[in-house]
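Structure first, then comments.
These values consider heavy atoms only, across backbone and side chains, with no hydrogens, waters or symmetry-generated copies.
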Amino acid sequence: MKSTRVFLVFVTIFLGFLAQNLLAAAKCSDSNSPLAALIRSGTDAQSKTPLILIHGIQATTDSANVETDNNTWAEFVKLFNAKDSGLEGRYSLYLFQYCSNREPVSIIAEKLRDLIDQKIPGRQHVIVAHSMGG
């Protein structure tokens with residue numbers, strides 16, 4: 001009985017991880033996928049400030065991985081994760097991934113607002129944007 005309960009907890013956590021990190025991706029090659037996604041990289045804690053990275057136009061890949069999303073943020077993420085940077089202890093890393101050719105920028109901006117309200121409600125956050133993402 002105990003092993004069944006442990007298994008069910010593991011499955012629940014794993015499915016939650018999939019929903020948060022894999023299934024939420026904006027896959028621009030699939031017109032039925034979400035227009036945008038706010039994807040957490042690593043762990044988050046209430047004591048940390050969410051740091052949201054926003055890429056430029058046409059930079060979304062079908063990946064839900066901050067480290068591989070068209071390499072836009074690869075160097076920044078490497079610096080962020082460096083043990084001596086001090087960033088990882090203060091910030092939680094997120095990627096706003098969006099399909100730039102599907103809707104006008106105003107609609108994408110509204111989606112960003114909605115995802116922030118949904119995933120990190122009531123928390124101060126920092127946005128670092130590149131190109132059209134700004």
Side-chain angles (χ1 to χ4, degrees):
M1 181 70 171
K2 185 177 180 179
S3 64
T4 302
R5 191 175 322 143
V6 170
F7 177 74
L8 289 175
V9 168
F10 172 77
V11 168
T12 302
I13 292 169
F14 180 71
L15 290 176
F17 170 81
L18 283 177
Q20 172 73 26
N21 294 298
L22 300 178
L23 303 177
K27 296 182 180 182
C28 298
S29 62
D30 177 2
S31 62
N32 294 319
S33 80
L35 169 67
L38 186 60
I39 302 165
R40 186 183 70 234
S41 176
T43 59
D44 189 7
Q46 288 294 322
S47 61
K48 294 182 179 183
T49 301
L51 174 59
I52 303 169
L53 305 177
I54 305 178
H55 60 72
I57 191 168
Q58 298 179 343
T60 296
T61 67
D62 283 355
S63 169
N65 187 332
V66 173
E67 288 83 359
T68 62
D69 192 74
N70 203 29
N71 293 321
T72 301
W73 296 108
E75 289 301 314
F76 180 85
V77 171
K78 189 186 302 182
L79 171 68
F80 181 89
N81 289 325
K83 296 294 181 199
D84 60 349
S85 76
L87 295 173
E88 191 175 8
R90 295 181 59 203
Y91 298 96
S92 299
L93 197 57
Y94 285 82
L95 172 71
F96 178 63
Q97 180 190 53
Y98 63 95
C99 300
S100 55
N101 295 336
R102 245 196 246 168
E103 296 287 343
V105 173
S106 60
I107 300 296
I108 296 168
E110 289 172 356
K111 187 64 177 171
L112 171 61
R113 177 203 58 208
D114 295 345
L115 287 167
I116 289 172
D117 288 347
Q118 175 190 5
K119 296 204 177 207
I120 51 174
R123 292 174 67 189
Q124 295 290 317
H125 49 276
V126 176
I127 294 175
V128 178
H130 168 71
S131 188
M132 187 182 106

- Look at the rings of Trp73 and His130 and say which category their plane angle falls in: under 30° parallel, 30 to 60° tilted, over 60° perpendicular. perpendicular
- Query: Would Ser33 and Arg102 satisfy side-chain hydrogen bond (donor to acceptor under 3.5 Å, both in side chains), going step by step from the backbone distance to the final call?
  - Reply: CA-CA 11 Å; Ser33 80; Arg102 245 196 246 168; 3.1 Å; yes
- Would you check if the distance from the ring center of Tyr94 to the ring center of Phe96 is below 6.0 Å? no
- Note on the structure: Contacts of Arg123 meeting side-chain hydrogen bond (donor to acceptor under 3.5 Å, both in side chains) (sequence neighbours excluded), chain-then-number -> Asp44
- Message: I'd like to know whether CD of Gln118 has more than 12 heavy-atom contacts from other residues, nucleotides or ligands below 6.0 angstrom.
- Response: yes
- Message: Could you report the tightest heavy-atom contact between Lys48 and Pro50, atom names first, then the distance?
- Response: O-CD, 3.5 Å
- Query: Does the side chain of Ile116 reach to within under 4.5 Å of the side chain of His125, using non-hydrogen atoms?
  - Reply: yes
- Query: Taking side chain as C-beta onward, heavy atoms only, is Leu95 less than 4.5 Å from Ile52?
  - Reply: no
- Message: In the structure I gave you, are the side-chain heavy atoms of Leu115 and Ile120 within less than 4.5 Å of one another anywhere?
- Response: no
- Task: For Ser92 and Ala45, work out which heavy atoms get closest and say how close.
- Result: OG-N, 3.7 Å
- Query: How close do Phe80 and Tyr91 get, heavy atom to heavy atom, and via which atoms?
  - Reply: CZ-O, 3.4 Å
- Note, Asn81 side chain near Leu87 side chain (heavy atom, < 4.5 Å): no
- salt bridge (charged side-chain N to carboxylate O under 4.0 Å, His left out) pairs, two or more places apart, involving residues 105-117: none
- Task: Check whether any side-chain heavy atom of Leu93 sits under 4.5 Å from a side-chain heavy atom of Leu53, and report yes or no.
- Result: yes
- Flag side-chain contact, heavy atom, 4.5 Å: Tyr98 against Glu103: no
- Item | Intermediate values then yes/no, side chain to side chain contact (heavy atoms under 4.5 Å, CB included), Leu51 and Val128 | CA-CA 7 Å; Leu51 174 59; Val128 178; 3.6 Å; yes
- Message: Within this structure, what is the CZ-NZ distance for the pair Arg40 and Lys119, rounded to the nearest 0.5 Å?
- Response: 8.0 Å
